[in-house]
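Heads up, the thing below is written out as structure tokens.
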Amino acid sequence: MSRDIQSGKPWRLGVLFSQTGTTAVIERTQLRATLLAIEEVNEAGGVDGREIEPVVYDPGSVMERYGELAERLFTEDDVEVIIGCYTSSSRKEVLPVVERRNALFFYPTLYEGFEYSPNVIYGGAAPNQNSVPLARYLMENFGERFCFVGSDYIYPRESNRVMRNIVRQAGGEVVGEFYTELDAGADDFQPILAEIERLRPDVIFSTVVGDATVRFYQSYLAYAGDGTSVPIGSLTTSESEVAAMGAEAAAGHITAAPYFQNLETEANRAFLKRFRARYGDDTVVTSCGEASYFQVHMFANALRMAGSTDTDRLRDVLRGSEFEAPQGRVKIDPDNNHTYLHSRIARVDRTGQYVVERELPRAIKPDPYLVVPALNDWSVDITHPGRRRRS
Ligand code: ACM
């Protein structure tokens, strides 16, 4: 505990990330980044001399548990603000709980869009910030025949609906769409891989999540080879799943995200240094972890200005607020509570590292309802790291 902290009652922040179960592989990175940000705030003196105290529960990747534990945080733990959730199904469990109490919920995960709650601050990418640029990149580089493979729940189904529209608008086609259980094993992917072989798509769009991602990519390697010729493009495969599946299974595959671990920004270098000092040199950071980190800092900054955890006051301060995040500067859009985020596309190399192949030099305004047909918008100002930038 910091020496500077006065003996005030701490500000409590409920933290709901799974440390066990099928999505723990990614949610653990969100938990670590959340706790690191809280420690940083506290070491710098807390907020108005009061520490932020995390109240952490493990929902065990069981969807209903997120809602039950959110309820417990409000009724038994004296919490008014929470951060948590990876899957959209878990967010949908927490949503009515926070709305009923007019509490505040930070959600640091990419999702399918088409949602707005005055009680949620959305810190992950909406489809115009990740699906659109990924579709464009895949079509330019690999072809127009897409095959979708996803875990069977709301995010993959909705995300595929959005992706299908984007691909069709650009003149491409979806030749197959397959779903598996959240805890799918290697055997579950065999019939899908056989169908993919028969359909001969140019590219796979994967919305498989959690541990099943590891089994999907490993099965793909065994069945079809690595990602050199027909890559898997995904928004839900990150440094964490890549570390778990190994470099051979990950090589050649592609992810679109606001943040990658090896970004060369000053804020990222400082973030990684502290992250590794806290959790060890081998611990990976992910885009969803980075979103958790900057959302906690934005919460602390807003708390400092609002002087209260009252949702209406906090929300007023949060809307329009900015933060120098590891990915670059981010801003909460006062129009929709989502976040202006950077957009990058990276491909895994033979050593299992993401190499950024495209990025935009500015953060993209979130458009969760895809009001603007953004496929062409995104083509403006694309930069290609490693190549000369346009002047
Ligand atoms: C997700 O379910 N929003 C990844």
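Indexing begins at 1, ligand by ligand and atom by atom, following the structure's order.
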For the pair His253 and Tyr220, name the ring-plane relationship: parallel under 30°, tilted 30 to 60°, perpendicular over 60°.
-> perpendicular
Hey, what's the ring geometry for Tyr107 with Tyr111, parallel, tilted or perpendicular (30° and 60° as the breaks)?
-> perpendicular
Do any nitrogen or oxygen atoms of Leu110 lie less than 3.5 angstrom from nitrogen or oxygen atoms of ligand 1?
-> yes
Can you check whether Thr236 has an N/O within less than 3.5 Å of an N/O in ligand 1?
->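 N/O-N/O distance under 3.5 Å: no.
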Which ligand 1 atoms, with their elements, are less than 4.0 angstrom from a heavy-atom of Tyr111?
->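 In order of number, 3 (N).
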Under 4.0 Å from a heavy atom of Tyr107: give me the atoms of ligand 1 that qualify, with their elements.
->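 Atoms satisfying the 4.0 Å criterion: 3 (N).
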Any Thr87 heavy atom less than 4.0 Å from ligand 1 = yes
Give a yes/no verdict on a cation-pi contact between Arg157 and Tyr179, requiring under 6.0 Å between NZ or CZ and the six-membered ring centre and an angle within 45° of the axis.
->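 Cation-pi check for Arg157 and Tyr179: passes.
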Working to the nearest 0.5 Å, report the span between CZ of Phe114 and CD of Glu158.
->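 Interatomic distance, Phe114 CZ to Glu158 CD, rounded to 0.5 Å: 7.5 Å.
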dist Ile166:CD1 -> Leu370:CG (nearest 0.5 Å) comes out at 6.0 Å
Is Tyr155 touching ligand 1 with its side chain, its backbone, both, or neither, if touching means heavy atoms under 4.0 Å apart?
-> side chain
Which residue holds the protein heavy atom closest to atom 2 (O) of ligand 1, what is that atom called, and what is the gap in Å?
-> Tyr153 OH, 2.6 Å
Does Arg72 come within less than 4.0 Å of Glu68, counting only side-chain N to carboxylate O?
-> no
